[in-house]
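Data block below; observations after.
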Amino acid sequence: MQNRLETLESILERLRVSIKKNGLKNSKQREEIISVLYKNRTHLSPEEIANEIKVKDKNTSISSIYRILNFLEKEKFITTLETDKSGKRYEIAAKEHHDHIICLECGDIQEFVDTAIEEQQIKIATNSGCKLISHDMRLFVVCAKCQERNRV
Ligand SMILES: [Zn+2]
Ligand SMILES: [Zn+2]
């Protein structure tokens with residue numbers, strides 16, 4: 001798992017500032033979604049997030065989860081991962097940079113960092129006279145487990 005770059009308390013502090021700036025009312029759900037994603041080791045779908053939160057609050061609806069996720073993404077507290085098969089998944093933004101390997105059959109997601117690839121991307125941008133701001137590298141694969149299952 002990639003390290004967190006910021007404490008949960010500090011993220012929640014920034015969230016309160018951004019809620020005020022956007023003229024919204026404080027809601028427990030926004031903070032709960034942030035902490036679920038902060039503590040979770042994996043990439044969660046809106047449904048999984050809703051399930052985690054329902055444990056504490058039975059009034060949570062999936063549409064309000066979607067609304068909050070859009071807000072948190074717009075405000076850059078969380079990032080989206082388009083996975084093809086298993087839809088949109090979310091993770092906390094305050095994580096060390098990493099790229100993703102996504103299985104097209106079972107939807108499993110692995111994280112990786114490859115220094116050579118990272119450097120090569122900077123080089124490509126620089127050689128074109130550009131300054132690299134960010135990149136999104138996703139490898140779509142059939143994972144080892146699925147290859148094994150397909151054989152039998
Ligand atoms: Zn990368
Ligand atoms: Zn990730």
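As the structure lists them, so they are numbered: ligands from 1, and atoms in each ligand from 1. From a predicted model like this one, the values you see are computed outputs, not experimental measurements.
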Exercise. What pairs with Ser27 under side-chain contact (heavy atoms from CB on, under 4.5 Å), at least two apart in sequence or on another chain?
Worked result: Gln29, Arg30

Problem set entry | His135 atom NE2 and Glu118 atom OE2 as seen from the Zn ion (ligand 1), angle to 10 degrees | 120°

Exercise. Got more than 12 heavy atoms from elsewhere within 6.0 Å of NZ, Lys74?
Worked result: yes

Seminar exercise, completed: Atom name of the N, O or S atom of His97 nearest to the Zn ion (ligand 1) is NE2

Problem set entry | Asp99 atom (N/O/S) at minimal separation from the Zn ion (ligand 1) | OD2

Exercise. Please, which pairs that meet salt bridge (charged side-chain N to carboxylate O under 4.0 Å, His left out) have at least one residue in residues 137-147, sequence neighbours excluded?
Worked result: Asp136-Arg138

Exercise. Quick one: CD on Glu75 to CG on Leu24, what's the gap to the nearest 0.5 Å?
Worked result: 8.5 Å

Exercise. Other hydrophobic cluster members with Leu139, side-chain heavy atoms of Ile/Leu/Val/Met/Phe/Trp/Tyr under 4.5 Å, chained?
Worked result: Ile101, Phe112, Ile117, Met137, Val141

Problem set entry | Any donor-acceptor N/O pair, His98 side chain to Glu96 backbone, under 3.5 Å | yes

For this session: For the pair Arg89 (side chain) and His43 (backbone), establish whether a donor and an acceptor sit closer than 3.5 Å, ignoring hydrogens and angles.
Result: yes

For this session: Please list, in chain and residue-number order, the protein N/O/S atoms closer than 2.8 Å to the Zn ion (ligand 2).
Result: His43 NE2, Glu91 OE1, Glu91 OE2, His98 NE2, His100 NE2, Glu111 OE2

